[in-house]
Each structure stands twice: as structure tokens, then as C-alpha cells.
S.K.: 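Attaching a single structure in C-alpha cells format; questions to follow.
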2 protein chains.
Amino acid sequence: MMVSTKGRYALTVLVDLARNSGEGYVSLADIAEREHLSMKYLESIISMLNKGGMLESLRGKNGGYRLAREPKDYNISEILVLTEGTLAPVNCIISPGVQCEKAATCSTLPLWAGLDKVIENYLSSITLEDILTGNRRKMLGDYCDSCDTQQEEN
Amino acid sequence: MMVSTKGRYALTVLVDLARNSGEGYVSLADIAEREHLSMKYLESIISMLNKGGMLESLRGKNGGYRLAREPKDYNISEILVLTEGTLAPVNCIISPGVQCEKAATCSTLPLWAGLDKVIENYLSSITLEDILTGNRRKMLGDYCDSCDTQQEEN
DNA sequence: CTTAATCCTACCGAAGTGGTAGGATTTGTC
DNA sequence: GACAAATCCTACCACTTCGGTAGGATTAAG
């Protein structure tokens, strides 16, 4: 059930771009240095974001990347889907009834469908802007109180 | 973000045991045949459930397995944790602050914590009994209507 | 003592993860 | 036009996990 580094780094890249864009294009080398990540590996990840239409790029000197939209117009679900492939916890969810002929009688399918829905609902409700502004109440829900105290523990 | 076959088969085994127990112990061979799964592979999975205290087993002839508790006293979260290891979508959630020294300033951590919470809340709210009885309203929430029609599509 | 069952350890091919390497291409600047 | 700095593209690779298989030791009922 882990989100791979592809998805996590993709999000990191977008957050970095949102914070450090402003004027022109931001180079991959700058992002990699700021985030302490391998530039070569980030290259393959940012390529997915670019092909998915989430970025605008400029080649050549002074080139780089920038966000194609405003931070509030990216939701986390689409970012992770682009890099992870799918967020469905089991294959049979992706297109129900197609892959598994036992779908009609499968007693566990509603559970996986419900889990998928819960994950999708949550991730599509959070935007890149929520992350930038640290909207803990939205991300952590009613449990925000216990999370505020966490910072003091260490 | 996929649940592996370990977790899925574990759930299948528990559902099968709940449905086909009644009197004594149920042999692994019977479960494997009913569920059309490899007995040898199921062996390693059921071993985890057994060591985790979810089953009672009897060796020797007429031996097998049976549930250690009532179906309503198993929640799906604990079943998956036992077989999958953890349900956390990223490592830094498992024991916050310990693994990643950047936790205090990590802007994406609240997102992963929120996702973890949403998954955990959902899966721990569903019991084995809900699956047995096909409690679609609980598993699928308010979307149950659209899911009822799904059966007619194919 | 045979048979049917769990238990235990080891192995194994295939796929996915997390990168690295090297070069081709494009673009701004001198 | 040359050079430098950047994206783009393809291939490779070590490691781990996934999804099993194989073979035998142990236990218990008849």
C-alpha cells in the first residue's frame, strides 16, 4: 500500500516549483539541489508530469520548467495517478466486471471498492495549494488538535 | 498502492472459514479447492494469521483451522496489517519524527498522515461480519445506489 | 502404523523500485 | 558560429518484493 518515490517526488517537485517559480523557468538542477534528490532520477519523474500536461518546459539555456496552472487547480489524486499509474488498491477495481468474471459474486469486492472510494475522495479533495499553505485542518480533519502538539514532542 | 495477494487471500481465507466452519476444523486443502487458490501458497498466508492469533489450528488427521473469535470481532485493518506489514502509505508515518529528521518542516507530511488516517479509519470500521453479510451500505457509504445497478451491466 | 493434516525451511522466476549512464537535441549568449 | 546550459530520450542495472513451488518434519486420529 505504499506510495512509491515517483509519486512522492512528483509532489515534491510541484511544491518546489510553486514556491520557487515567480518569474521564469526553474531548472531541474536547482530543484534537485534544493530538495537533495538525484537530478537524473527526478528527470524521469518530471518527464511524466510534463507529458501529462502539468508543466510547461523550455529547452536550452535558461530553460527549465514551470507550473501549467495555478496551485489550486492541481488535486493530489491526479498527480499520483499520473506517476503511480493507478491508486486502486486491487486490480478488479480499475474497470469492474472486465478483469474478473467472479465480480458479481465476489464478497470482498465491495470492501475494495469502498476503500478505493475513500482514498480517491480524500486525495482529490486536497490541492497543491493546500499543501503550500499548510492547510492542516483540511488534510488532517478533526484530528488537527493532536497533530499540533506533535511538533513540540521533538 | 496495491494490496498484495497476501492481504487479499488472507481475507478470502477468513471469509471462507467463517462460512464453512460450523462444527470442527476446516482443512487448508478444502479452502484452497473452494477458493481456487494454490494450497502451498495459502499455507504461508494462513501461517501468518495463525501466528497472529486470529485462528486456532489442530494438527494431524481431521485437523485444520477455525476462527479464534466471532466474525464481528475481526476488523479488516488488523487483518491487513498482519499480512501486509503496515498500511501506511509512506514510511515516515510509521513512527513520526524517528525516521525522517525533516518531519518538522516537511510540507507533504500532513497529506500522508491524513491519507493514512482516512485509510485506517475506513478499514478498522469494517468487520469480517460486514463482508459476510454483504453490508454494502457500510462498505460503500452513500454511493450504494450506483453500485446496486452495477450488477445489471454485465 | 498408516494416513491426513499442520508446520517449517529453502528456493526461484518475474516484476517492480530506485536509480545511473550517455548521448542527442534545443536555445540563449558571446 | 561556437559554446554552454538546459531539456529530452534510450538503455541499463542492482536490489527487493511478489507470487508462488518443493520437500520434508511433525502431529494426531483411526
Side-chain angles (χ1 to χ4, degrees), chain A residues 1-13 17 20-21 23-33 35-66 68 80 83-91, chain B residues 1-13 17 20-21 23-33 35-68 80 83-87 89-91:
Chain A
M1 287 287 292
M2 288 269 174
V3 173
S4 75
T5 54
K6 279 190 194 124
R8 297 207 315 274
Y9 291 179
L11 197 50
T12 300
V13 163
L17 276 175
N20 302 99
S21 58
E23 67 291 6
Y25 293 84
V26 177
S27 83
L28 190 52
D30 287 354
I31 300 173
E33 189 180 5
E35 308 296 338
H36 304 103
L37 298 172
S38 154
M39 176 178 152
K40 274 300 194 180
Y41 186 42
L42 276 192
E43 202 181 305
S44 63
I45 291 165
I46 211 166
S47 165
M48 293 188 255
L49 295 174
N50 196 22
K51 286 176 181 165
M54 292 197 167
L55 301 178
E56 287 169 1
S57 68
L58 182 66
R59 301 177 67 170
K61 198 164 185 178
N62 298 331
Y65 303 92
R66 67 181 178 199
L80 294 182
T83 49
E84 301 277 308
T86 174
L87 294 176
V90 292
N91 283 326
Chain B
M1 286 289 292
M2 287 270 174
V3 173
S4 74
T5 53
K6 281 192 194 121
R8 298 207 315 275
Y9 291 178
L11 196 50
T12 300
V13 163
L17 276 175
N20 301 100
S21 57
E23 67 292 6
Y25 291 85
V26 178
S27 82
L28 189 52
D30 287 354
I31 300 174
E33 189 181 5
E35 307 296 339
H36 304 102
L37 297 172
S38 155
M39 176 179 152
K40 273 299 193 181
Y41 187 41
L42 276 193
E43 202 180 306
S44 62
I45 292 165
I46 211 166
S47 165
M48 293 188 255
L49 295 174
N50 196 22
K51 286 177 182 165
M54 292 195 168
L55 302 178
E56 287 168 1
S57 68
L58 182 68
R59 301 177 69 169
K61 195 163 184 179
N62 297 331
Y65 303 91
R66 68 180 177 200
L67 297 187
L80 295 182
T83 50
E84 301 277 310
T86 175
L87 294 175
V90 292
N91 283 326

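Throughout, a chain's letter reflects where its sequence line sits, starting with A, and its residues are numbered from 1.
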S.K.: Between Y41(B) and L28(A), who's closer to the 5' end of DNA chain D by nearest nucleotide?
M.R.: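 Upstream on the strand: L28(A).
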
S.K.: What are the two closest heavy atoms between Y25(A) and G63(A), and how far apart are they?
M.R.: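 So the two residues come closest at CB-C, 3.9 Å.
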
S.K.: Which part of the nucleic acid, if any, lies within contact of I46(B), taking any heavy atom under 4.0 Å across all strands shown: a base, the sugar-phosphate backbone alone, or nothing?
M.R.: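 Nothing, no heavy atom under 4.0 Å.
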
S.K.: Can you give me the first and the last nucleotide of DNA chain D (5' to 3') that has an atom within less than 4.0 angstrom of a non-hydrogen atom in chain A?
M.R.: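 With heavy atoms of chain A under 4.0 Å away, the range is dA5(D) to dC9(D).
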
S.K.: Rounded to the nearest 0.5 Å, what's the gap from CG on L42(B) to CG on L37(B)? Could you check?
M.R.: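 It is 5.0 Å, given to the nearest 0.5 Å.
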
S.K.: For residues A10(A) and T83(A), report the shortest heavy-atom separation together with the two atoms involved.
M.R.: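 Of all heavy-atom pairs spanning A10(A) and T83(A), the closest is CB-CG2, 3.6 Å.
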
S.K.: E43(A) CD to dT25(C) P: how many Å, rounded?
M.R.: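 From E43(A) CD to dT25(C) P: 16 Å.
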
S.K.: Check whether any side-chain N or O of R8(B) sits under 3.5 Å from a backbone N or O of V3(B) as a donor-acceptor pair, and report yes or no.
M.R.: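 Indeed, once roles are kept as given, a pair shorter than 3.5 Å links the two residues.
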
S.K.: Specify the residue among M39(A) and K40(B) whose closest nucleotide of DNA chain C lies further upstream toward the 5′ end.
M.R.: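 Upstream on the strand: K40(B).
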
S.K.: Given atom CD of E35(A) and atom P of dG18(C), what is their separation to the nearest angstrom?
M.R.: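 Distance, rounded to whole Å: 17 Å.
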
S.K.: Testing the basics here: between P89(A) and M1(A), what is the closest heavy-atom pair and its distance to 0.1 Å?
M.R.: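 Taking every non-hydrogen atom into account, CB-SD, 4.4 Å.
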
S.K.: Counting only heavy atoms and a strict 4.0 angstrom limit, can you tell me which residues of residues 55-66 of chain A come near DNA chain D?
M.R.: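 Per residue number, the list reads S57(A), L58(A), R59(A), G60(A), K61(A), G63(A), G64(A), Y65(A).
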
S.K.: According to the side-chain hydrogen bond (donor to acceptor under 3.5 Å, both in side chains) rule, which pairs have a member within residues 37-48 of chain B, sequence neighbours left out?
M.R.: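 For residues 37-48 of chain B: T5(B)-Y41(B).
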
